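The structure appears below as structure tokens.
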Amino acid sequence: MRIVLLGAPGSGKGTQGQLLSEKHGIPRISTGDSLRSEIALGTPLGLKAQGFVGVGSLVPDDLILEMMEVRLRQADTAVGFILDGIPRSIPQAKGLETILKNRGGALDAAVKLDLAKKVLIDRLTSRWVCPGCTAVYNMITSPPRVAGICDRCGGPLAQREDDSLATVRRRLNVYEMTTAPLIDYYDARGLLVIVDGEGTVAGVAARIERSLEERRKRN
Ligand code: AP5
Ligand code: MG
């Protein structure tokens, strides 16, 4: 299974990507998580990226594609992968296609999670994350067992710098301008699968699995 998760900020790409990864035994590759880790480590890529990520702008395409080329060369991706947060622009989609073609593969599907803007804003402004192990919580729908502490690794939770209301609005605008055109791009290539992203985490996961299964049977 080689899929891309498309969807606005807060649509559940990370949450659903993690479930798909566990269920199918394939890696979830999140450009957002990778960039945050590079920034925390102060690497040359992190230093270049931090000014973009902090304010909710996109990191330049060439830096993202270089990072993906290296990641997709790793052996664990041979059995498949779930891409969370890439591509985010038409040049990234084309670059990704080239990277995959050079290793003799192509995408199976692009899953678009569909949600109302109001739900996205509510989800992002109530999200808390574990900077240590990248676990994601939501103070309203999925709080940790002990307030402020990660269930998984015991580390302290924090809010993402880009989850302030003003930056969330900016990220949603960037998504509409630069990333949403990928919906038509993948539709034209027969890869688009649209899934209702509202409702419970388990409900959305079941809809994704059903849609992918129907697609497999059709093709
Ligand atoms: P990234 O980290 O990818 O952020 P994003 O796309 O804005 O998406 P989010 O991580 O905010 O949301 P999500 O869809 O993963 O939702 P989640 O599952 O957490 O990118 C961050 C930045 O990095 C970008 O702004 C950019 O600067 C840079 N970047 C990254 N990739 C790039 C690229 N390719 N090119 C250029 N720049 C790039 O869920 C959200 C919340 O909702 C959580 O609290 C969760 O618990 C909750 N939730 C999830 N599902 C449900 C549900 N069904 N019901 C109730 N609550 C739910
Ligand atoms: Mg995410």
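When a ligand or atom number is given, it counts from 1 through the structure's own listing order. In this text, all values refer to a predicted model and were calculated from it rather than measured experimentally.
- Within ligand 1, counting atoms from 1 as listed, the ones closer than 4.0 Å to a heavy atom of Leu35 are 23 (O), 28 (C), 29 (N), 30 (C), 38 (C).
- Within the set Asn138, Val53, Val174, the minimum heavy-atom distance to atom 46 (O) of ligand 1 is found for Asn138.
- For atom 37 (N) of ligand 1, the closest heavy atom belonging to the protein is Val59 N, 3.0 Å.
- If you number the atoms of ligand 1 from 1 as listed, the ones under 4.0 Å from a heavy atom of Arg160 come out as 1 (P), 2 (O), 4 (O), 9 (P), 10 (O), 11 (O), 21 (C).
- Each of the atoms 53 (N) of ligand 1 lies under 4.0 Å from some heavy atom of Thr200.
- Residue contact annotation: Met139 has no non-hydrogen atom under 4.0 Å from ligand 1.
- Nearest protein heavy-atom neighbour of atom 17 (P) of ligand 1: Thr15 OG1, 3.6 Å.
- The proximity of Tyr137 to ligand 1, defined as any non-hydrogen pair under 4.0 Å, is limited to the backbone.
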Could you list the donor-acceptor pairs under 3.5 angstrom formed between side-chain atoms of residues 20-27 and any protein atom two or more places apart in sequence or on another chain?
from, atom 1, to, atom 2, distance (Å)
Ser21, OG, Ile26, O, 2.8
Glu22, OE2, Gln18, NE2, 3.0
His24, NE2, Glu209, OE1, 3.2
His24, NE2, Glu209, OE2, 3.0

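- From the protein, the heavy atom lying nearest to atom 55 (C) of ligand 1 is Thr141 OG1, 3.5 Å.
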Result block: side-chain N/O donor-acceptor pairs under 3.5 angstrom for residues 175-195, not counting sequence neighbours:
from, atom 1, to, atom 2, distance (Å)
Thr179, OG1, Arg88, O, 2.8
Tyr185, OH, Glu97, OE2, 2.9
Arg189, NH1, Tyr185, O, 3.0

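- Using a 4.0 Å cutoff on heavy atoms, Gly199 counts as a contact of ligand 1.
- Short contacts between ligand 1 and Ser57, defined as distances under 4.0 Å to a heavy atom of the residue, involve ligand atoms 26 (C), 27 (O).
- If you check which protein heavy atom lies closest to atom 20 (O) of ligand 1, you get Arg88 NH2, 3.5 Å.
- By the 4.0 Å heavy-atom criterion, Arg36 is counted among the residues contacting ligand 1.
- Judged by the shortest distance from any of its heavy atoms, Gly7 lies outside the 4.0 Å radius around the atoms of ligand 1.
- Residue contacts with ligand 1, taken as heavy atom pairs separated by less than 4.0 Å, involve Arg171 solely via side-chain atoms from C-beta onward.
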